[in-house]
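Worksheet for the structure shown next.
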Amino acid sequence: RVLRHELAHVVLSPFDVYRGHATRGVKVGSRGEREHDHLWEYAVEQGVINLERLWQGALEYARREAKAGPKSRPKRRRK
């Protein structure tokens, strides 16, 4: 579970590049920097939670499909 959480952070890491550019003009230690840090942490953790939910749902779906076994497709009629 921890590994999956950290993997989600890796998936979201390209947004760190954006953050670096978007906050260039923000003074270190300023109120603006603290506010941005707080919002950034919140947004990243929400993104991680959503990715974890997505992956969990996909895993549960795959397990149900595996348990159900192969499905036979209806044969197509020739015209």
Side-chain angles (χ1 to χ4, degrees):
R1 180 167 241 177
V2 172
L3 181 60
R4 186 169 47 210
H5 180 90
E6 294 307 317
L7 178 60
H9 279 281
V10 171
V11 170
L12 294 174
S13 65
F15 290 104
D16 291 329
V17 174
Y18 166 78
R19 181 184 185 206
H21 289 283
T23 59
R24 276 188 188 166
V26 178
K27 187 175 178 181
V28 176
S30 69
R31 179 178 176 190
E33 182 191 43
R34 289 190 303 276
E35 289 175 349
H36 188 272
D37 285 347
H38 176 76
L39 290 171
W40 183 257
E41 292 291 326
Y42 177 78
V44 167
E45 289 305 320
Q46 289 301 306
V48 167
I49 288 168
N50 289 331
L51 283 173
E52 289 175 328
R53 288 177 181 161
L54 173 78
W55 294 335
Q56 185 62 36
L59 182 60
E60 289 172 6
Y61 176 80
R63 286 179 180 156
R64 281 194 307 271
E65 289 294 307
K67 187 176 181 181
K71 296 178 182 175
S72 60
R73 285 198 253 165
K75 293 183 179 179
R76 290 185 175 179
R77 289 186 177 185
R78 292 185 178 193
K79 292 184 180 182

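Just so it is clear, the structure is predicted and the values come from calculations on it, not from any experiment.
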So with a 6.0 Å cut-off around CG of L3, is the heavy-atom count from everything else above 12? no
Side chain proximity check, [X] to [Y], heavy atoms < 4.5 angstrom:
X	Y	answer
D16	W40	yes
V48	V11	no
E33	V28	yes

Compute whether any side-chain donor of one residue and acceptor of the other, for E52 and Q56, lie under 3.5 angstrom apart. no
Are side-chain N/O atoms of E45 and H9 paired as donor and acceptor at under 3.5 Å? yes
Determine whether L54 and L59 fall in the same hydrophobic cluster, where Ile, Leu, Val, Met, Phe, Trp and Tyr are linked whenever their side-chain heavy atoms lie under 4.5 Å apart. no
May I ask whether F15 and L7 are part of the same hydrophobic cluster, defined by side-chain heavy atoms of I, L, V, M, F, W, Y residues being less than 4.5 angstrom apart, directly or through others?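 As far as the 4.5 Å side-chain criterion goes, L7 and F15 are connected within one cluster.
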For L12 against V44, the heavy-atom pair lying closest together: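 Heavy atoms of L12 and V44 come nearest at CD1-O, 3.7 Å.
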Residues which pass side-chain hydrogen bond (donor to acceptor under 3.5 Å, both in side chains) with R53, listed by chain and number, not counting sequence neighbours: none
Drop me the distance from S30's OG to H36's NE2, to the nearest 0.5 angstrom. 11.0 Å
How far does CG of L39 sit from CZ of R34, to the nearest 0.5 angstrom? 13.0 Å
